[in-house]
Amino acid sequence: MPATIETIDFNGQPALALATQAGSRAVVSLFGAQILSWIPAGSEERLYLSPAAVYDGSTPIRGGIPVCFPQFAGLGKLPKHGIVRTRPWVVGEQRTGDDYALVTLRFTETDETWAIWPQNFVAELTVVVEGERLDVELEVENTGHAPFAFTAALHTYLRVREVENARLEGLYGHEYRDSADHNRIRRDSGDMVVVEDETDRVYHDVKRPLLLRDSNRNLGINAEGFPDVVVWNPWEERCAALADLPANGFRHMLCVEAAAARQRIELDAGESWAGRQSLIAL
Ligand code: TA6
């Protein structure tokens, strides 16, 4: 059987279900172009999707891979994480091969987004599942007549068995902005990041691939075009304040996000930019 792409209903939201012959699976919601599930071939779910997530077509869905654009977090005057994670996208290309499935979702500015951010743009999210890997690419084109600048992220919620036992390697020696501690600039000096408390860091200029060790499962994480890596876990107290996360939700998630946060990306009229995150189950 070749790979398949089907339109499904996911908690009342239209979504695409991708499946390959070898057993890779993914679900991508049209609301926000948000990947909600990824199961690599021969493995188990690797993304964290909150059991208390809300699917009302206006609230951001807690978990999976939200697309943050044209603003990461609160780095500007727009709504937190921008304007496309809470809006419907349309399906563009759909392609399957012997062992891969690819979909592209597209968002073009609307009167509503223009009222908040007066720019002409097209954003495209391309998702490819193949064997043990998931590739996610965000492409942005300035279709207007004036330059604009933006920050962005693929806000990936990884599922971990127990966050305190997970180890994130590859960030040694990197400078980061610590959003959980008054935005202090620090330098990572440990061989690995271990999360044992609220963690909210923007690591700058990360050129190496990362490795997430989680019990007997490993995940390779690679980014291109996104210079920064955000590591986030709300821990107990902040988790309790988030209505769409169960009380122990923070124990089973670790966000490792491909981001362009420290410096805005500038696009002249007619120019495009692309950033990609690849996850590889090892
Ligand atoms: O990427 C980390 C972060 O910016 C955190 O500061 C945290 O607030 C998180 O995103 C989630 O944001 P959200 O608006 O989805 O609750």
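Index from 1, following the sequence. Order of appearance sets the numbers: ligands from 1, and atoms from 1 within every ligand. Values below: all heavy atoms of this structure, side chains included; hydrogens, waters and symmetry mates excluded.
- Of all atoms in ligand 1, numbered sequentially from 1 with element shown, those under 4.0 Å from a heavy atom of Asp200 are 2 (C), 5 (C), 6 (O).
- Each of the atoms 1 (O), 2 (C) of ligand 1 lies under 4.0 Å from some heavy atom of Glu257.
- In this structure, the protein non-hydrogen atom closest to atom 8 (O) of ligand 1 is Lys80 NZ, 2.6 Å.
- A heavy-atom distance below 4.5 Å is not found between the side chains of Arg85 and His155.
- Per-residue contacts place Val230 under 4.0 angstrom from the following atoms of ligand 1 (heavy atoms of the residue considered): 1 (O).
- Between Trp232 and ligand 1, not a single N/O pair is under 3.5 Å apart.
- In Arg238, neither the side chain nor the backbone holds a heavy atom less than 4.0 Å from any atom of ligand 1.
- Remark: ligand 1 atoms within the under-4.0 Å shell around heavy atoms of Arg62 are 11 (C), 13 (P), 15 (O), 16 (O).
- Considering CD of Glu141 and CD of Glu124, their distance stands at 8.5 Å, rounded to 0.5 Å.
- In this structure, His81 has its ring center under 6.0 Å from that of Phe72.
- In terms of protein heavy-atom proximity, atom 14 (O) of ligand 1 is nearest to Arg85 NH2, 3.0 Å.
- Other residues, nucleotides and ligands contribute over 12 non-hydrogen atoms within 6.0 Å of the CG atom of Asp9.
- Crowding of Arg167 atom CZ: a count of heavy atoms from other residues, nucleotides or ligands under 6.0 Å exceeding 12.
- Between the side chain of Gln119 and the backbone N or O of Asn142 there is no donor-acceptor pair closer than 3.5 Å.
- Atoms of ligand 1 found under 4.0 Å from any heavy atom of His155, numbered from 1 in the order shown, are 1 (O), 2 (C), 3 (C), 9 (C), 10 (O), 11 (C).
- Under a 4.0 angstrom heavy-atom cut-off, Glu198 registers as lying outside contact with ligand 1.
- Aromatic rings from Trp273 and Phe150 are positioned such that their centres are separated by under 6.0 Å.
- Close approach of ligand 1 to Ala73 (heavy-atom distance below 4.0 Å) involves ligand atoms 4 (O).
- Rounding to the nearest 0.5 Å places CG of Leu16 at 5.0 Å from OG1 of Thr7.
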